[in-house]
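Every heavy atom of this structure was used, including side-chain atoms; hydrogens, water molecules and symmetry mates were not.
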Amino acid sequence: MPSRDSSTEAAFARSLRAWYAEHGRKDLPWQVRPTAYGVWVSEIMLQQTQVATVIPYYERFMARFPGVEELAAAPLDEVLGLWSGLGYYARARHLHQAAQQVMHKYGGRLPETLDGLQGLPGIGRSTAGAILSLAWARPHPILDGNVKRVLSRCFLVSGRPGTAGVERRLWGLAEALLPIHGAGVHNQALMDLGARVCTRHRPRCGDCPVEGICAARRHGLQDRYPQPRGRGPGPERFTCFLLLMVEGRLLLQRRPPAGLWGGLWVPPECATEAQVPGRCRELGVAPGGIEILPERLHTFSHFRLRYRPVLVRGTACPGAVRDDDCRWHPLGSPLPGGVPAPVARLLCQLQAHHPRSIP
DNA sequence: AAGTCGGGGGC
DNA sequence: GCCCCAGACTT
């Protein structure tokens with residue numbers, strides 16, 4: 001015997017479906033003739049990233065890697081290159097690794113079970129549910145940021161998001177509201193409602209299909225749900241980026257495969273400006289002119305990085321420093337792989353300031 | 001349960 | 001400035 005009026009769930013799903021049929025977005029790139037692979041790629045890109053930002057990345061990615069096979073066969077550097085600027089690069093590493101697992105454990109076809117999908121790197125319960133419901137119309141719920149916001153408001157789920165009790169209750173609601181038929185459309189509609197009507201600020205309750213069901217609306221508490229996370233700016237770190245130029249080439253090094261900016265290419269670093277000359281000699285370059293550039297700030301979710309670019313013109317030829325993780329990159333030529341956004345900006349400005357300085 | 005992992009959009 | 005976004009992973 002249900003503790004809550006069992007017709008509430010049915011009314012919610014029915015109203016949501018009718019709203020989506022008339023007002024919902026159905027023409028996003030991954031919604032037109034959806035495939036499991038396309039849904040997968042889009043879901044990974046959309047983790048912690050807004051739709052408008054993802055679209056051009058998705059188009060480029062799908063053009064270069066039309067299927068699991070092409071993705072699995074590609075070098076990681078190329079995958080990271082197409083991911084540059086999106087952030088959370090572990091998503092790209094996991095996606096690439098998972099594609100290789102799909103090739104040789106599942107014959108190139110995505111598994112069609114929750115456990116099979118969740119066994120792949122980068123796929124958690126929500127992404128697995130999205131693939132199952134959106135690509136194959138299987139009755140599995142999802143729980144992303146949009147859905148959490150909608151459900152928190154509609155059913156006044158208190159407590160900080162991310163805590164065990166809140167997550168359990170939200171998953172329970174997502175599951176209870178899921179209709180037997182049309183789970184994919186239902187999930188799509190729930191996300192679209194959260195993205196375009198039940199927004200974080202100033203929700204458009206007058207346009208909401210479940211306005212009559214929503215407890216936050218009834219009590220005027222839309223602004224207090226969901227409860228804010230309470231993140232601070234976090235600590236601050238400092239580094240110098242050594243922009244080492246020798247004959248029109250810039251030295252780049254590949255970062256370790258995991259961790260911050262894992263697998264991406266960045267200039268050499270040192271802790272203080274005073275260490276620049278010594279660092280140059282370590283790298284086999286006799287420093288000529290050293291130009292200290294203004295400090296900049298890059299904000300991460302959990303800390304802030306102050307960094308100072310230091311432009312060094314080398315007069316000596318670069319030594320035989322050419323292992324796999326170290327390249328002299330001719331400015332203007334294709335990058336060896338992925339590059340974090342601040343480094344991409346530095347390269348762009350460097351190229352603009354020293355146009356075609358190649359001998 | 002808490003910390004790690006990017007970058008951009010919106011206000 | 002601040003907060004959050006079609007989360008998942010590690011410790």
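- Look at the P atom in both B:dG6 and C:dT11: the space between them is 15 Å, to the nearest Å.
- A:E273 CD: more than 12 foreign heavy atoms inside a 6.0 Å radius.
- Neither OP1 nor OP2 of B:dG7 sits under 4.0 Å from any side-chain N or O of A:T299.
- Contact annotation: A:Y57 side-chain N/O to B:dG7 OP1/OP2 distance is not under 4.0 Å.
- Looking at A:E167 and A:K148, a side-chain N of the basic residue comes within less than 4.0 Å of a carboxylate O on the acidic one, giving a salt bridge.
- Distance from the side chain of A:P340 is smallest for B:dG7 among the nucleotides C:dC4, B:dG7, B:dG6.
- Counting distance only, with no hydrogens placed and no angle test, the side-chain atoms of A:S301 and the base atoms of B:dG7 include no donor-acceptor pair under 3.5 Å.
- Looking at A:R229, its side chain has no donor and acceptor atom pair within 3.5 Å of the base of C:dC3.
- With DNA chain C read from its 5' end, the first of the two nearest nucleotides for A:L120 and A:Q31 is the one closest to A:Q31.
- Taking the C1' atom of each, C:dA6 and B:dG3 are spaced 23 Å apart, rounded to whole Å.
- Within a 6.0 Å sphere centred on CZ of A:R224, heavy atoms belonging to other residues, nucleotides or ligands number 12 at most.
- A:A52 comes within 4.0 angstrom of no nucleic acid atom, judged by non-hydrogen atoms across all strands.
- With C1' as the reference atom, B:dG9 and C:dA8 are 22 Å apart, rounded to whole Å.
- Counting any heavy atom pair closer than 4.0 Å across all strands shown, A:R345 reaches sugar-phosphate atoms only and no base atom.
- Remark: A:R149 is in phosphate contact with C:dC5, judged by side-chain N or O atoms under 4.0 Å from OP1 or OP2.
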Checklist entry - Could you write out DNA chain B as a dot-bracket string, with dots for unpaired bases, | for bases paired across to another strand, and Watson-Crick or G-U pairs counted at under 3.5 Å? => result |||||.|||||

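- Within the structure, a side-chain polar atom (N or O) of A:W261 is placed less than 4.0 Å from OP1 or OP2 of B:dG7.
- A:A341 comes within 4.0 angstrom of sugar-phosphate atoms only, judged by non-hydrogen atoms across all strands, and of no base.
- Contact annotation: A:Q48 reaches the phosphate of C:dG7 (side-chain N/O to OP1 or OP2, under 4.0 Å).
- Within the 4.0 angstrom heavy-atom criterion, only backbone atoms of the sugar-phosphate kind lie near A:F300; the bases stay farther away.
- For the pair A:R327 (side chain) and A:L252 (backbone), a donor-acceptor distance under 3.5 Å is absent.
- The phosphate of B:dG7 has OP1 or OP2 within less than 4.0 Å of a side-chain N or O from A:H298.
- Proximity note for A:R200 (side chain, C-beta onward) versus C:dA6, C:dA8, C:dC4: the nearest is C:dC4.
- Within the nucleic acid shown, A:T53 comes within 4.0 Å of sugar-phosphate atoms alone, with no base atom in reach, counting heavy atoms only.
- Judged purely by distance below 3.5 Å, without hydrogens or angles, the side chains of A:W19 and A:D192 never pair a donor atom with an acceptor atom.
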